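All values reported here derive from a predicted model rather than from experimental measurement.
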Amino acid sequence: MKPTSDRLREARVSRGWSQPRLVRELRSAANQRGHQLPSDSSVKRRIASWENGHSSPDDFYGPLLCDAYAASAEELGVNGSELKDPAVLDAAYPASPDDAIQTVSQLWRADLNQYDPLLTAEPSEPAWSEASLRWLVAPEPGTHSPQSDGVRVGLGDVAAIKTTADMFARLDDQFGGDHARHSVIQYLNNDVAPLLRGHYTERVGRALFSTVAEATLLAGWMSYDACRHGLAQRYFLQALRLAQDANDRRLAGSILSAMSHQATFLGKYTQAATLARAALMGISPVATPTLRAQFHAMEARALARTGDIAACEAALGAATKALESRNSDDEPEWISYFDEAELAAEAAHCFRDVNSARRAVAHAENAMSGSHVRSDFFATMVLADAHLRAGDVEEACSVALDALDLGEQLKSARCVSYLVEFRRDLSAIGPTAVVHDLAQEVRENRLWVASGTYDQGRASH
């Protein structure tokens with residue numbers, strides 16, 4: 001029997017098709033199934049790889065090839081079953097380390113292939129409760145069963161993942177989640193997935209799972225920043241399970257905190273507060289002051305949206321007290337960004353949301369880090385919101401202009417949503433000279449233009 005590479009090449013050549021023609025046919029087949037494909041050059045590279053025997057079509061492209069060639073899976077030597085594993089579309093907490101490896105690998109692959117049902121999936125409210133409870137009552141960390149043909153993995157491989165993920169995190173911070181999100185997923189799918197399925201000692205396995213959990217958390221944050229909320233939630237869930245099996249409770253708590261942040265953004269305030277409290281409870285024996293401060297701040301953000309001012313202020317007070325006692329030498333490296341400026345930004349959000357405009361202004365003015373572009377954009381927009389709610393329209397427009405200048409390089413649907421809310425509040429004031437002047441000055445700003453057509457129904461911070 002001929003190898004798949006030969007059969008695929010013969011199927012194309014016998015029809016007199018060039019590789020670009022096959023790209024067009026695959027794109028047409030994908031459209032018929034309601035899917036999207038990456039760029040033509042990316043698909044062409046895949047075709048060359050299949051026909052040269054360097055790789056085989058996966059369960060996303062196999063059915064598309066069958067459609068394009070009007071041939072059976074047996075004729076082409078491919079998998080004709082479309083990727084429909086419920087673990088990909090269902091927001092479920094994996095039952096074991098092997099389930100987590102399989103699910104997160106499928107997520108990376110489906111995301112990379114722009115599997116539309118996944119990219120447009122909605123978040124699941126029950127999944128937040130299930131994940132936090134499953135993690136809180138989890139037994140001892142599980143162990144992975146390596147494949148017989150898996151690669152051998154050492155601490156050097158783990159260090160390489162960490163260094164690469166840190167580089168992507170810096171790009172995310174500076175340019176927004178939509179800037180390099182595809183590249184992150186490509187790296188995880190191509191380079192990291194084989195390592196997860198490899199051979200490693202228990203010590204290396206714990207380090208590997210922790211590092212991959214952190215990288216998957218980053219993928220979740222970037223997807224959240226792109227307002228792909230169902231996908232982001234699924235990444236957070238897999239990251240939480242990986243952190244559990246790494247026995248890294250501090251990182252797991254931070255993942256729950258990220259889930260809380262997203263739940264507040266989506267208007268699920270009760271679930272958001274519960275997730276923040278679960279993070280606090282779950283890492284209590286190993287909590288650091290900065291982690292406690294962050295989790296209290298996330299609880300405060302949720303409580304502010306519910307209108308519970310007293311509870312919100314109590315949570316902010318607890319966050320402030322915790323942060324005052326921190327010792328940077330004892331903190332995980334990945335939480336180092338959470339400092340006084342970051343807490344001031346969270347407080348500014350809270351006081352804006354409870355309509356305490358002057359207090360929001362005071363905190364927002366102390367929230368500029370000068371080193372985190374997206375965070376500074378958010379803080380500046382909250383300051384603009386606060387001035388607007390305090391009745392100072394001219395200052396609000398001036399500050400908004402500063403934010404737009406600051407965020408010009410950001411590719412972030414979440415940033416756009418902040419502008420959507422500001423523009424809605426601005427329009428309620430009615431036409432004034434200062435509002436007109438702002439609109440004229442920023443009419444070609446990319447974020448401003450995007451906010452004019454943004455579908456606000458998918459995001460409410």
Side-chain angles (χ1 to χ4, degrees), residues 93-105 107-108 131-132 134-136 138-146 150-170 172 184-185 187-189 191-222 232 234-259 278-279 282-288 290-292 294-295 328-338:
Y93 193 69
S96 70
D98 290 328
D99 286 343
I101 292 171
Q102 179 182 2
T103 301
V104 78
S105 298
L107 278 173
W108 292 334
S132 58
R134 291 275 298 277
W135 175 69
L136 282 169
E140 290 297 312
T143 56
H144 159 57
S145 303
V151 298
R152 293 203 171 274
V153 184
L155 291 177
D157 299 298
V158 177
I161 298 171
K162 172 66 175 170
T163 300
T164 306
D166 286 347
M167 177 197 69
F168 281 126
R170 290 192 294 273
D172 170 54
V184 171
I185 303 306
Y187 171 70
L188 292 170
N189 179 72
D191 294 76
V192 175
L195 299 180
L196 283 174
R197 295 190 292 269
H199 286 269
Y200 34 82
T201 65
E202 181 177 346
R203 174 170 171 252
V204 171
R206 297 278 183 258
L208 177 65
F209 276 38
S210 179
T211 302
V212 177
E214 191 177 341
T216 305
L217 172 60
L218 173 62
W221 273 114
M222 295 175 86
R234 285 155 179 78
Y235 281 137
F236 290 150
L237 291 171
Q238 304 313 313
L240 183 65
R241 176 70 216 209
L242 291 169
Q244 174 190 325
D245 293 314
N247 200 26
D248 192 339
R249 296 196 71 80
R250 290 175 174 176
L251 179 58
S254 190
I255 295 166
L256 286 178
S257 179
M259 292 182 183
I283 74 161
S284 180
V286 294
T288 67
T290 304
L291 285 170
R292 287 198 302 272
Q294 186 198 50
F295 301 163
S328 298
D329 293 338
D330 296 332
E331 300 286 349
E333 172 269 333
W334 40 260
I335 196 63
S336 61
Y337 76 93
F338 196 88

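In this structure the side chain of L251 reaches within 4.5 angstrom of the side chain of W334, judged on heavy atoms. A heavy-atom distance below 4.5 Å is not found between the side chains of I161 and D157. Residues H199 and V153 fail the side-chain proximity criterion, which asks for heavy atoms closer than 4.5 Å. Proximity of R292 to T288: side-chain heavy atoms (C-beta onward) are nowhere separated by under 4.5 Å. For the pair S254 and Q294, the minimum side-chain heavy-atom distance is below 4.5 Å. Annotation: side chain of T103 is not in contact with side chain of R241 (no heavy-atom distance under 4.5 Å). Looking at heavy atoms from C-beta onward, Y235 lies in side-chain contact with I185 at the 4.5 angstrom threshold. Residues L237 and M259 form a side-chain contact, since some pair of their non-hydrogen atoms from C-beta on lies under 4.5 Å apart.
Between S257 and A279 the shortest heavy-atom distance is N-CB, 4.4 Å. When all heavy atoms of A207 and L155 are compared, the closest pair comes out as CB-CD2, 4.1 Å. What you find for A165 and L218 is that their closest heavy atoms are O-CD2, 3.6 Å. Of all non-hydrogen atoms in A160 and T164, the two that sit nearest each other are O-OG1, 2.8 Å. Listed here is the closest heavy atom pair of L240 and A252: CD1-O, 3.6 Å. Shortest non-hydrogen contact noted between L242 and A100 is CD2-CB, 4.3 Å.
The backbone N or O of L188 lies less than 3.5 Å from no partner atom in the side chain of D191, so there is not a single donor-acceptor pair.
With no hydrogens or angles considered, no side-chain donor-acceptor pair links T216 and Q238 at under 3.5 Å.
With salt bridges taken as basic N to acidic carboxylate O contacts below 4.0 Å, one links K162 and E333.
Legend: residues meeting side-chain hydrogen bond (donor to acceptor under 3.5 Å, both in side chains) with Y93, ordered by chain and number and at least two apart, are Q244. Residues satisfying the salt bridge (charged side-chain N to carboxylate O under 4.0 Å, His left out) criterion with D172, sequence neighbours excluded, are R374.
Between F209 and Y200, the ring planes are perpendicular. Angles over 60° get that label, and only those under 30° would be called parallel.
Here the options are N247, D245, D248, the test is side chain to side chain donor-acceptor pair (under 3.5 Å), and the partner is S210; only D248 passes.
One distance of note links OG of S96 with CD1 of I101; it measures 8.5 Å at 0.5 Å rounding. A distance of 10.5 Å separates CG of L196 from CG of D98, quoted to the nearest 0.5 Å. Here R152 contributes atom CZ and L195 contributes atom CG; the two are 13.5 Å apart, rounded to the nearest 0.5 Å.
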In sequence, state the C-alpha distance, the side-chain angles, and the governing distance for F295 and L256, and then conclude on side chain to side chain contact (heavy atoms under 4.5 Å, CB included). CA-CA 9 Å; F295 301 163; L256 286 178; over 6 Å; no
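Geometrically, R249 engages W135 in a cation-pi contact defined by less than 6.0 Å to the ring centre and at most 45° from the axis.
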